[in-house]
Amino acid sequence: MQLEYRQRREQLMSKIGNGTAIFRSAPMAVMHNDVEYNYRQDSDFFYLTGFNEPEAVAVLAPHHQEHRFVLFVQPKEREKEVWTGYRCGVEAAKELYGADEAHPITELDEKLPQYLEKADRIYYHLGRDRHFNDKVLNHYQNLLRTYPRRGTGPTAIEDTSTILHSMRLIKSEAELEMMRQAAAIAIEAHNQAMAIAKPGRYEYEIQAEIERIFRLRGGMGPAYPSIVASGVNACVLHYIENNRQMQENDLLLIDAGCAYGYYNSDITRTFPVGGKFTPEQKALYEIVLAAQKQAIAQVQPGNTFSSVHDAAVRVLTEGLVELGILKGEVDKLIEEEKYKPYYMHRTSHWLGLDVHDVGVYQHGEGKPQILQPGQVLTVEPGIYIVPDTKLAEDQPETDPRWIGIGIRIEDDVLVTPTGHEVLTDGVPKAVEDVERIK
Ligand code: GLY
Ligand code: MN
Ligand code: MN
């Protein structure tokens, strides 16, 4: 893997010319009082270094004679390490992570200017850490002030995201291997969830089983708070209380993905708790499934990113018209977004080191993002007949028999040179299969 991190750094450096790029590690996140969450490195930082400790700064200075890659890290401190665990330290940062030079983080202010004063610009992403943003801006200001004396120095700050995130958008073989493993673990968890869900059980029992498997198989844990939503709870898109007792005629919507070695999966399945759909549930389920299949079929190199969403919206709208839930002409309903009370989110997002991964969805108006091999996106249409929804005036009142049904089906799809590969198709979704499995 060290080789791949190096290749990524080289690729980035080849694009920043005489600039210097600065990356900040993620902060520790507080759970409460003095208790912290497990540390999780910032994805950009990790992508370029593989370094997973807090209080670190990475500098890429392609124009520097000797030190093109510099790490500032927490120094080794035996007493602190007894409490909070192993630190790599300054010396090993060079050996283990391939830095040309490493310094203690305490020397950042003193040492950073030497990597900036010959750069023509600073590449830096203004992040959530205001204090660190100020630090970078202060250095920039000082260098501007002293520019006349040197005749060199940065005269602009450019955001790094455009370059770096277009790199992260295309997954390498090594990354795909991690994503396949993240998918495989979540597939097992979803299958197990389907096997054990039954009326009388609580949503949290299913959550516990899913997350047990995540850890049992070596995952870091959930990729995001697991959603185990039965009955009307499925109409809340980010329902995470997971504390309801499931009933005979409920659908259960499970949106749960696994984080494995920093990479993520993101799967949703919806199935009848009691083993059999009601006619209404089945009618809506078949629409969502058809929409998902049509949308997945759009995942081909050369197609636009938005064609996936458009395909889903068309099938969903047609289906809702057929059932009499929407009224009117399909094209017009789509144009006027009349489907939105029942389908209020987008169909896809990029997936990778972040669950909602980086990368643009369009390059500006009229300049769509074109699908390319190596991209991974989710395809996750749904229908949610939310109680008490305000409908457009020209639309019929929703027949009560539909109300409270929420359905989503989500898979992770890799764009391949010839089409696509569904990374998560090991979880059944055909009507017979989600009914039969009980
Ligand atoms: N579970 C988050 C999402 O589907 O986007
Ligand atoms: Mn998703
Ligand atoms: Mn999801």
Side-chain angles (χ1 to χ4, degrees), residues 1-15 43-44 46-48 50 160-187 223 257-268 291-313 346-364 366-381 409-427 429:
M1 246 344 257
Q2 277 317 313
L3 179 62
E4 183 152 331
Y5 295 126
R6 177 187 294 278
Q7 286 166 348
R8 293 172 189 168
R9 291 192 297 270
E10 290 298 335
Q11 197 184 340
L12 183 72
M13 285 195 279
S14 74
K15 293 183 178 172
S43 296
D44 282 345
F46 187 81
Y47 181 79
L48 290 169
T160 329
S161 306
T162 317
I163 300 174
L164 186 59
H165 294 176
S166 63
M167 287 168 57
R168 279 180 55 190
L169 190 50
I170 308 293
K171 274 67 183 174
S172 69
E173 270 313 311
E175 291 185 288
L176 289 174
E177 210 172 292
M178 303 299 275
M179 293 190 73
R180 284 181 209 285
Q181 190 56 29
I185 297 171
I187 288 168
C258 178
Y260 180 81
Y262 277 83
Y263 286 84
N264 299 294
S265 53
D266 183 2
I267 304 178
T268 307
Q292 204 225 15
K293 285 185 178 165
Q294 275 296 321
I296 289 175
Q298 293 303 314
V299 181
Q300 309 267 356
N303 279 358
T304 62
F305 177 84
S306 58
S307 70
V308 181
H309 179 65
D310 294 345
V313 163
R346 302 287 299 184
T347 304
S348 302
H349 54 81
W350 303 124
L351 182 71
L353 282 171
D354 294 315
V355 174
H356 293 169
D357 208 25
V358 295
V360 297
Y361 295 109
Q362 60 173 335
H363 300 285
K367 290 192 210 147
Q369 170 68 268
I370 304 294
L371 296 177
Q372 297 163 57
Q375 294 169 338
V376 180
L377 62 155
T378 65
V379 180
E380 48 178 310
I409 306 172
E410 174 174 28
D411 281 299
D412 305 340
V413 185
L414 165 68
V415 186
T416 64
T418 53
H420 62 255
E421 179 189 336
V422 181
L423 302 177
T424 48
D425 66 0
V427 195
K429 58 187 175 187

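For H349 (side chain) and V355 (main-chain N/O), a donor-acceptor pair under 3.5 Å exists by modelled atom type. With E175 contributing its side chain and S172 its backbone, the two residues share a donor-acceptor pair below 3.5 Å. With hydrogens and angles ignored, the 3.5 Å screen pairs no side-chain donor or acceptor of T304 with any backbone N or O of Q369. Between the side chain of R8 and the backbone N or O of Y47 there is at least one donor-acceptor pair closer than 3.5 Å. Formation of a donor-acceptor pair under 3.5 Å by the D412 side chain with backbone atoms of D266 is found in this model. Under the 3.5 Å distance criterion, the side-chain polar atoms of H420 are left unmatched by any main-chain donor or acceptor of V413.
If you run side-chain hydrogen bond (donor to acceptor under 3.5 Å, both in side chains) between T424 and each of D411, T268, T378, only D411 comes through.
L351 and S265 get closest at one heavy-atom pair: CD2-CA, 4.2 Å. Of all the heavy atoms in Q11 and S14, the pair that sits closest is O-OG, 2.7 Å.
Taking the six-membered ring where tryptophan is involved, the planes of W350 and F305 are tilted, since the angle between them lies from 30° to 60°.
In this structure, the separation between CZ on R180 and CG on L414 is 6.0 Å, given to the nearest 0.5 Å. Distance CE/M13 to CG/L48: 9.5 Å, rounded to 0.5 Å. Note: Y262 OH to D354 CG = 11.5 Å, rounded to the nearest 0.5 Å.
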Run the side-chain contact (heavy atoms from CB on, under 4.5 Å) test on I170 and Q375 for me, step by step, so that the C-alpha distance in whole Å, both residues' side-chain angles and the decisive distance to 0.1 Å come before the verdict. CA-CA 5 Å; I170 308 293; Q375 294 169 338; 3.8 Å; yes
Take L377 and V415 through the test side-chain contact (heavy atoms from CB on, under 4.5 Å) and record every step on the way to the result. CA-CA 8 Å; L377 62 155; V415 186; 3.9 Å; yes
Check the pair D357, K171 against side-chain contact (heavy atoms from CB on, under 4.5 Å), reporting the backbone distance first and the verdict last. CA-CA 11 Å; D357 208 25; K171 274 67 183 174; 2.8 Å; yes
